[in-house]
Structure formats: structure tokens, C-alpha cells
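Only one structure is covered here, and it is reproduced in the block below.
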There are 2 protein chains.
Amino acid sequence: MSANSRMTTAVHVLTWMAFDRRGTDKEIATSQRIATSVNTNPVVIRRCLGELRDAGLVESIRGRSGGWVLTRDAGEITLLDVYRATGAEPIFGMHAASPDAECYVGHGIASTLTEVYDEATRAMCRVLESTTIRDVLRGSLADFPELREAQGLEPAPA
Amino acid sequence: MSANSRMTTAVHVLTWMAFDRRGTDKEIATSQRIATSVNTNPVVIRRCLGELRDAGLVESIRGRSGGWVLTRDAGEITLLDVYRATGAEPIFGMHAASPDAECYVGHGIASTLTEVYDEATRAMCRVLESTTIRDVLRGSLADFPELREAQGLEPAPA
DNA sequence: TCAAATGTAACAGCTTGTGCTACATTCGAA
DNA sequence: TTCGAATGTAGCACAAGCTGTTACATTTGA
């Protein structure tokens, strides 16, 4: 059970919603139905969707026949949006205890490392930004060309 | 207390060793002395150094007047070497439970996400590879030009 | 022979993620 | 107007990982 699978769950949820949106039966997406695909508990899905709603990616509808809807097209949601929405921890953590300030190395290392860590994180974020939920859906349906076409998705680039 | 501060501790340890190496007193680096700068327990430092030794970055000398030495110049140790040595968890975790394979989305999403995650991780690693322990030492000593020069380090680039 | 160092096991305390139950709230449909 | 189905949220148990610490075996130079 790895550290940050919340991101993966959130991407799965959004991809499922994008897939379901164009399905034949026009049922609304509920936490119960999504939980079946992700293979987890509906409360876990609701917690996840709550974060996505706070970030403006989905909206919830309360009451009977309520559920969840995407607020924009799947091609307009990047994995960077999802990464930020799930409030990911910084990839690199600083010291647990402050280094000895009287040590020359301990005095300046934190700010130096922060610069490098920030740059590395930005490089990672640029990759996430280049992929959308629509891309993930296309990749996930690679084994089912007829479904992929029904969703209006072109084949994946070579 | 953030997730992965082991990396930060390891970089601090190596930077301190690079600094100490050219110091006036020719004492060998011991886990006790390093722990003072990092402000933690010597056992934590020994655990860290053990990982760095397994990766070939340092060597240990047992017995009285033993300690630790770098196996190569600080300019030849990149932060990517340290990242790998500390056995970092994958940045992105997969689902805790396997998704429903009968769901079209659940069937293919894992391999699709793995591709994107791998690419993002590679982008991050490229940045880490471009920085060495020598660079970190130079940055850490930015406030002490006379020490920086004594270490034979040019000023940081603008 | 002894002191100082590494090497390692074991444990407590803390934090985080996951999965679950329980229950209040909301609101469309009968 | 009532009822059922959904969201919203609190709270708990369990597992895992990191940190810090004590304790002790091992090694080896002085």
C-alpha cells in the first residue's frame, strides 16, 4: 500500500465519470456506482469527490436522484489539476528537526535544497499538465477500439 | 514531519562530509559529529550512512578511530544518486485494491497511469541529476564567501 | 587490555492512509 | 406529506512508515 494513491483514485473517479457520461443509460454518477469500479467503499469515493469539488472539478447534487457531475469536458482537466486538488504532500520533506544553525553547512542547506526540490517538482508538474483525463480514458480503452470510437476518441498516437 | 525527509538527511550528511574533508583539523567523520550538525541521533545517521554505503557513495571504517569517508569527489555525486540510494517510495502509488477488471475503465487504467507516472518521475530525476553535492555545498556557504573560497568553490552562477 | 567507533535489533510515539459504521441532512418522487 | 435514496461528516480500528531512543554485540587502533 503505497504512499500517495489518493491521486490515482481521483484520476480513476474522473475517468470513470467521463466514460459514464456518454454511456447509453443516462444514470447520474453516484458514489456507490463509482466505488464498484474502483473497488472500494463509497465513503472513500465521497471523500475524494469532496476534494475534487473544492477544486471546482466536479459538482455534487444532494437529495434523492442526486450524484456527481463533471464541471468541464474531460479534455479540459489535466492531471496537474487533479494533483493539486488532492492536496498532495511535498515530494521532498525537509529535516524533521532544524539543523544546527551554528554549523556552516546546517545554516544554509535548507534554502539551497528548497530551490532544487522546487525545480524538480515543477518539472514533474509540467508532465502532469500535458496529460488530460480524456487522454487517460483513451489509453484505458486501448483494448476496446469499438468503445473508444463510441466515445469519440481518436486512436492513441504512436 | 513530512513524508520523505530521509533524502534531505542524506544530502545533509554528504554535504557535511564534503565540507569537513577540507577542514583544518583532519579528524575523520563520525556518526556522532555528523549527528550534531543534522541535530538528530547518531543511530539515525548510521542508518542513513548504511544506505549510502550500499549504494557505493561512502565507505565505513570500523573499530577505534573509525568513521566514514566519501568514495568520490563531491562534484561526482548527484542528487539522483542520493535519491536512488535512499530507496525512495514511488511518488505516485497505485490503487490500494485492484480495480474492477470487468469495468472497462478499471481494466486498462493502471497501465495507462503507470506510463504517465514514469514519465513525470523521469522528468524529476533529470533535475536531480543536474545538481551535485558540490553544488549544494556552494549554495549552503553562500553567506560565507571566505569559507566558500577556502573550499575552492567558485561563486554561485547568477 | 581498553576505549571508541560501527552494526543492528527492538521498542515507543507520532502521523498518514484506508476501510468501515453510524447518523444527520437533503430533496425528488410517489 | 411521507419516504427512500443520495450526499456530508464524524469517529473508530487497523496497518504502515519515520523518527528517536536504548541496549548491546562487534571490531580494531592506541
Presence of [X] side-chain N/O under 4.0 Å of [N] phosphate oxygens OP1/OP2:
{"X": "B/Ser31", "N": "C/dA5", "value": "no"}
{"X": "B/Thr40", "N": "D/dG20", "value": "yes"}
{"X": "B/Arg47", "N": "C/dG7", "value": "no"}
{"X": "B/Ser5", "N": "D/dT19", "value": "yes"}

Problem set entry | Residue pair A/Ser60 / A/Arg53, side-chain donor-acceptor N/O under 3.5 Å | yes
Exercise. With a 3.5 Å cut-off and no angle check, do the side chains of A/Thr132 and A/Asp135 form a donor-acceptor pair?
Worked result: yes
Starting at [atom1] of [X] and ending at [atom2] of [N], how long is that distance when rounded to a whole Å?
{"X": "A/Ile45", "N": "C/dG19", "atom1": "CD1", "atom2": "P", "result": "9 Å"}
{"X": "B/Asn41", "N": "D/dT22", "atom1": "CG", "atom2": "C1'", "result": "9 Å"}
{"X": "B/Met7", "N": "D/dT19", "atom1": "CE", "atom2": "C1'", "result": "19 Å"}
{"X": "A/Ile61", "N": "D/dA5", "atom1": "CD1", "atom2": "P", "result": "18 Å"}
{"X": "B/Arg53", "N": "C/dT6", "atom1": "CZ", "atom2": "P", "result": "11 Å"}
{"X": "A/Asp54", "N": "D/dT7", "atom1": "CG", "atom2": "P", "result": "16 Å"}

For this session: Scan B/Gly67 against the nucleic acid and name what it touches under 4.0 Å (heavy atoms): base, sugar-phosphate only, or nothing.
Result: sugar-phosphate
For this session: If a protein heavy atom is under 4.0 Å from the base, mark B; if only from the sugar-phosphate, S; if neither, -; do that for nucleotides 22-30 of chain C going 5' to 3'.
Result: ---BBBB--
Exercise. Does any N or O in the side chain of B/Thr86 come within less than 3.5 Å of the main-chain N or O of B/Tyr83, such that one atom is a donor and the other an acceptor?
Worked result: yes
For this session: Could you tell me whether the side chain of B/Gln151 and the main chain of B/Phe19 form a donor-acceptor pair under 3.5 Å?
Result: yes
For this session: State yes or no: do A/Leu80 and B/Val127 share one hydrophobic cluster built from I, L, V, M, F, W and Y residues joined by side-chain heavy-atom distances below 4.5 Å, directly or via other members?
Result: no
Exercise. When clusters are formed by joining ILVMFWY residues with side-chain heavy atoms under 4.5 Å apart, either directly or through shared neighbours, do B/Ile77 and A/Val116 land in the same one?
Worked result: yes
